[in-house]
Structures are given as structure tokens and as C-alpha cells.
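Below is one structure; the comments refer to it alone.
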Amino acid sequence: MRKIIVHGGAGSVSPEMQRAREPVLEEAARAGLEALVAGPERAVEAAINILEDSELFNAGYGGAIQLDGEVRLDASIMNSALECGGVISLPGIKRAISVALLVMQESPHVLLSGEGALRFAEEFGFAPEELRSPRALAKLRELQEELAGLSYREQLARLRQQLRFQPTGTVGAVALLDGRLAAGTSTGGRYTMLPGRVGDTPLIGAGTYCNEFGGASATGAGEDIIRVCLAREVVRYIEEGAHPQEAAERGIALLARRTNSSAGVIALDRFGNHGAAFNTEQMGWAVCESR
Ligand code: ASP
């Protein structure tokens with residue numbers, strides 16, 4: 001069986017934005033399904049690349065900008081053989097998920113960060129580009145105005161109050177090809193971010209997890225997703241026999257109970273059952289499958 005589920009982030013966005021994102025999510029799912037012949041990792045990559053290229057999502061072009069004006073991307077990918085790779089704070093490379101996949105396939109490591117990740121990406125032909133979209137720049141200016149004149153410590157205090165909830169648009173996918181699974185997630189981070197901030201997305205077990213039973217990709221308040229290792233928990237519920245829908249709902253309930261926070265998650269099991277759950281206002285997602 002061939003199947004892919006993709007998400008475009010959990011959060012609160014306008015109905016217009018939600019409508020604009022829908023066809024792009026569907027296109028991403030279709031592209032993922034087409035790429036599945038080459039393996040579930042390729043499908044996850046192909047689907048996420050489409051969302052990274054679109055300025056409607058908080059990943060690749062249009063990703064959130066850190067307070068110093070830089071776009072630093074986080075992404076990770078994992079498959080059912082427990083092979084995994086990720087990039088942390090990768091500056092200026094739009095298709096961060098592709099670099100994460102190369103880290104998995106070509107490097108001796110699981111995670112590369114910052115300048116080291118950039119050096120690695122350049123070796124494989126990637127080059128930094130301008131990723132700051134007008135929409136992301138407008139959000140950055142709003143924050144910079146709010147923090148203007150505050151000391152670093154005062155900025156920290158203000159950001160701590162703010163960090164609980166904002167509209168998002170992180171992207172992720174989980175794909176299945178005849179019992180083999182892969183899951184991946186890619187993001188620009190949050191819209192109120194200190195330079196150097198790292199969220200859940202590149203962290204295996206938090207934003208992304210996959211094993212022979214199932215795969216999951218999370219989105220939402222990254223600091224809180226890390227605290228409960230959301231993606232791993234959802235896959236653990238699947239291992240214990242839960243349907244992915246129940247597993248996703250239990251994962252979100254766990255996060256809400258333990259951290260009082262908001263997130264969304266998608267999941268797929270080795271039989272092709274899928275699930276999606278969120279406790280934010282909305283989460284966009286799409287599914288494509290063929291026998
Ligand atoms: N989880 C992402 C992060 O914290 C944000 C999101 O899902 O939109 O970096």
C-alpha cells in the first residue's frame with residue numbers, strides 16, 4: 001500500500017489563509033504519492049519541498065525570522081529502520097528537509113547545526129538564498145518595535161510571556177510504501193524567537209519520530225512539544241495497539257494535561273491507517289493514497 005499524510009502547521013490563522021493553504025497541501029500530498037516509488041523518505045522530501053517553496057507556510061521561503069533578522073531553518077527526517085537525520089539553525093537554505101535527508105544518508109551523524117550544517121549543505125550543491133518573505137518581515141518588524149529600547153533581560157521577560165501561543169505554519173509528512181515508513185518535519189521556528197532558538201522540529205522524538213510500527217510529525221508550541229517528546233509518545237501508543245487517530249488524540253491530550261499548551265500531530269501506521277489531532281484553533285492537513 002502507498003499512502004502519505006501531510007500537515008501545514010497547527011495554530012490560529014485567518015480563514016483566507018486556511019483556504020489559500022489547502023490546495024498547496026493537496027499538491028504536496030500528490031507530489032509525495034508520486035515520489036513514493038523511490039521510497040517513503042523521498043515521498044516525505046518531495047511533499048515537504050513543495051511546502052518549503054511556498055510562502056504560505058512557516059518553512060523554507062517565508063519561514064519565521066529570528067530577532068536578529070536571520071532565517072535559520074530546523075528540519076528532521078526518520079524512517080522505520082530508525083535511520084534519521086536533521087539540521088538545526090541552518091541559515092538560508094530553503095529545502096532544509098533535503099539537507100536533513102542527506103545528513104541521514106551521507107553523514108556519520110544524526111544532527112548538524114549552524115555553520116557546520118551550512119558547510120555540509122554547500123558540499124551537496126545547496127546555496128543560501130533570500131528567504132525573508134514580506135509577511136515574515138512584517139511580523140519581525142512588529143516584534144522589533146515591541147522590544148525596542150528594552151535590555152536583553154527585559155526582552156527575555158517579554159518573550160517568556162509571549163511564547164505560549166502564536167499562529168504557525170510548520171510543515172510535516174508521514175509516508176508509507178509497502179510496510180516501510182518515513183516521517184519528516186521542517187520549520188522556520190516561531191515568530192517570537194531569540195537568535196539561536198531551537199524548537200522541537202529537528203529533535204528526533206519531539207517533532208519527528210518513526211519506527212517499524214508508525215510515524216508521526218508534530219507542530220505547535222515547540223518548547224512544550226519537547227517537554228513531552230510528543231512524536232515519540234504518539235508512535236508508542238501505536239506500538240501498544242492504538243489506531244493512529246486514537247494515538248494522535250492521546251498525544252495531544254497528554255501535551256495539554258502536562259504542559260497546558262497547544263499543538264497538533266499527524267500519524268500513520270504500517271497498515272496505512274492515519275490520524276490527525278490538534279488542540280489549536282486549526283491545523284491543515286491532506287492525505288493521498290493508492291493500492
Ligand atoms: N513547532 C514549531 C517550533 O516550535 C513551530 C510550529 O509548529 O509552527 O519551532
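Order of appearance sets the numbers: ligands from 1, and atoms from 1 within every ligand. Since the model is a prediction, treat every value here as computed from it, not as a measurement. Sequence positions, counted from 1, serve as the residue numbers for this chain.
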- request: Could you tell me whether ligand 1 has any atom less than 4.0 Å away from a heavy atom of A218?
  value: no
- request: Just grab all the side-chain hydrogen bond (donor to acceptor under 3.5 Å, both in side chains) pairs involving residues 99-113, residues at least two apart or on different chains.
  value: none
message: Would K139 and Y191 count as a cation-pi pair here, with the cationic atom under 6.0 angstrom from the ring centre and within 45° of the axis?
response: yes
- request: Could you pull out, from G220, A59, G172, the option with a heavy atom nearest to atom 2 (C) of ligand 1?
  value: G220
- prompt: Which option, M193, H7, R197, M283, owns the non-hydrogen atom nearest atom 9 (O) of ligand 1?
  reply: R197
- prompt: Hey, which atoms in ligand 1 end up nearer than 4.0 Å to a heavy atom of T219?
  reply: 6 (C), 7 (O), 8 (O)
- request: Kindly indicate, with the supporting measurements, whether the criterion salt bridge (charged side-chain N to carboxylate O under 4.0 Å, His left out) is fulfilled by D224 and R258.
  value: CA-CA 9 Å; D224 299 313; R258 300 300 299 271; over 6 Å; no
task: May I ask you to check if ligand 1 and D200 share an N or O to N or O distance below 3.5 Å?
output: yes
Salt bridge (charged side-chain N to carboxylate O under 4.0 Å, His left out) between E34 and R30, worked out: CA-CA 6 Å; E34 259 170 47; R30 276 196 306 274; over 6 Å; no
statement: With sequence neighbours left out, the residues meeting side-chain contact (heavy atoms from CB on, under 4.5 Å) with R19 are P15, E16
query: By number and element, which atoms of ligand 1 are closer than 4.0 Å to a non-hydrogen atom of T170?
result: 2 (C), 5 (C), 6 (C), 7 (O), 8 (O)
query: For ligand 1, which atoms have a heavy atom of G169 less than 4.0 angstrom away?
result: 8 (O)
message: Measuring from atom CG of L140 to atom CD1 of I65, what distance do you get when rounded to the nearest 0.5 angstrom?
response: 5.0 Å
query: Under 3.5 Å between some N or O of ligand 1 and some N or O of G199?
result: no
query: For I225, is at least one N or O under 3.5 Å away from an N or O on ligand 1?
result: no
message: Tell me if a side-chain donor or acceptor on R132 pairs with a main-chain N or O of G69 at a distance below 3.5 Å.
response: yes
